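All of these numbers come straight from a predicted model, not from anything done at the bench. What's counted below: heavy atoms across the whole structure, side chains too, no hydrogens, waters or symmetry copies. Just so you know, ligand 1 is whichever comes first in the structure, and atom 1 is the first atom listed for that ligand.
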Amino acid sequence: MMLMPAKVVGEDKVKKQPSFVKPWLGLKYLFKKPVTIKIPYEKIDPAPKYRGFHTLDWKKCIGCNFCGQICPARAIEMTWIEVDGKMEKRPHPKIDYGRCTFCQFCVDVCPTGALGFIESYILTTTGDEEELQLFDWVPLPPDKFRELQEEYKDWRFPVEKIDFNEETKEVTYYLRNGEIFKFKILGYGLRPPKPPAKPKTQPKKEESQNQSKS
Ligand code: SF4
Ligand code: SF4
């Protein structure tokens with residue numbers, strides 16, 4: 001194997017002579033327009049296709065879990081969802097923004113184009129447990145997310161609050177425009193959740209024992 005000869009630039013070419021005058025040349029910037037962007041009074045829009053929050057077309061997702069397999073941060077958990085009293089036939093990805101690196105490998109690998117993303121990228125909360133729930137969601141369908149982004153044009157997360165009721169398993173998204181988006185999470189993983197176990201018929205046994213005693 002041929003090695004490329006390394007070319008080393010002489011030290012005399014890169015070493016600067018100390019100067020008393022040159023540092024003062026920086027003063028010329030005192031009279032130039034500052035390049036500061038005065039957030040929040042000014043804004044800078046992200047580049048088109050900036051890798052922001054995800055969107056999920058719930059009807060297109062076939063629950064193949066390719067997105068979950070490729071995710072380098074293990075941020076995706078397949079989730080069984082019930083909408084309007086009917087369980088979806090396949091699980092859908094739930095994304096944990098506490099782990100996600102926004103590499104969008106999951107979007108690239110999705111065979112049906114169900115998983116997408118939008119340029120919105122701002123999500124700030126306090127450390128309250130209730131607010132941290134915002135970082136863990138089944139993404140909104142793209143139309144709804146884009147509609148909210150068009151309305152506010154500020155690149156913020158489209159949901160203000162997420163409620164999860166442990167008992168009823170109901171999830172409620174309170175969207176920024178006051179709308180409410182509800183569904184249920186019935187279970188996690190690739191296998192469908194088992195239906196709730198029926199209560200055992202012990203009382204009948206007791207009844208029969210009582211009868212035999214009498
Ligand atoms: S963007 Fe990257 S890190 Fe985030 S969920 Fe998708 S694959 Fe995982
Ligand atoms: S979002 Fe795409 S890759 Fe992920 S489970 Fe659904 S269809 Fe498969």
State the NZ-OG1 distance between K60 and T112, to the nearest 0.5 angstrom.
7.0 Å

Out of all atoms in ligand 2, which are within 4.0 Å of some heavy atom of I62? Include the element for each.
6 (Fe), 7 (S)

Just which atoms of ligand 2 are under 4.0 Å from any heavy atom in T112?
7 (S)

Is it the case that over 12 heavy atoms from other parts of the model lie below 6.0 angstrom from the CZ atom of R176?
yes

So for R74, does at least one of its heavy atoms come nearer than 4.0 angstrom to any atom of ligand 1?
no

Check whether any side-chain heavy atom of I118 sits under 4.5 Å from a side-chain heavy atom of R146, and report yes or no.
yes

Decide if the gap between the ring center of Y97 and the ring center of F53 is smaller than 6.0 angstrom.
yes

Closest to atom 8 (Fe) of ligand 2 among protein heavy atoms sits C64 SG, 2.2 Å

Counting only heavy atoms, which portion of H54 has something under 4.0 Å from ligand 1: side chain, backbone, both, or neither?
side chain

Quick one: which of D108, V107, T101 has a heavy atom closest to atom 3 (S) of ligand 1?
T101

Ligand-side contact atoms (ligand 1) for residue partner C71, heavy atom cut-off under 4.0 Å
3 (S), 5 (S), 7 (S), 8 (Fe)

Atom 4 (Fe) of ligand 1 to C100: any N/O/S contact under 2.8 Å?
yes

Compute the ring centroids of W58 and F183, then answer whether they are less than 6.0 Å apart.
yes

Atoms of ligand 2 close to M78 [distance to a heavy atom under 4.0 angstrom, numbered from 1]
5 (S)

On a heavy-atom basis, I'd like to know which of C103, P72, C67, G68 is closest to atom 2 (Fe) of ligand 1.
C103

If you count the atoms of ligand 2 from 1 in the order shown, which ones are under 4.0 Å from a heavy atom of P111?
3 (S)

Atom CD of E130: over 12 foreign heavy atoms under 6.0 Å
no

If you have a sec, work out which protein heavy atom is nearest atom 6 (Fe) of ligand 2 and how many Å separate them, to one decimal?
C61 SG, 2.4 Å

Atom indices of ligand 2 within 4.0 angstrom of G63 heavy atoms, with elements:
5 (S), 6 (Fe)

Do I76 and F135 belong together in a cluster built from hydrophobic side chains that touch within less than 4.5 Å?
yes

Is I44 atom CD1 crowded by more than 12 heavy atoms from other residues, nucleotides or ligands, each under 6.0 Å away?
no

Should the proximity of R90 to ligand 2, defined as any heavy atom under 4.0 Å, be assigned to the side chain, the backbone, both, or neither?
neither

Would you check if the distance from the ring center of W137 to the ring center of F157 is below 6.0 Å?
yes

Give a yes/no verdict on whether any heavy atom in G113 is under 4.0 Å from an atom of ligand 2.
no

Quick check on K182: does its NZ atom have over 12 non-hydrogen neighbours (other residues, nucleotides or ligands) under 6.0 Å away?
no

Considering only heavy atoms of C110, which atoms of ligand 2 have at least one such atom less than 4.0 Å away?
1 (S), 2 (Fe), 3 (S), 7 (S)

Below 4.0 Å from ligand 1: does a non-hydrogen atom of I76 turn up there or not?
yes

Are there more than 12 heavy atoms of other residues, nucleotides or ligands under 6.0 Å from atom CD of E11?
no

In terms of heavy-atom contacts, does CG of D84 have more than 12 from other residues, nucleotides or ligands at under 6.0 Å?
no

Taking 4.0 angstrom as the limit and counting only heavy atoms of F102, give me the atoms of ligand 1 inside it, by number and element.
1 (S), 4 (Fe)

Which of the numbered atoms in ligand 1 are below 4.0 angstrom from a heavy atom of Q104?
1 (S), 2 (Fe)

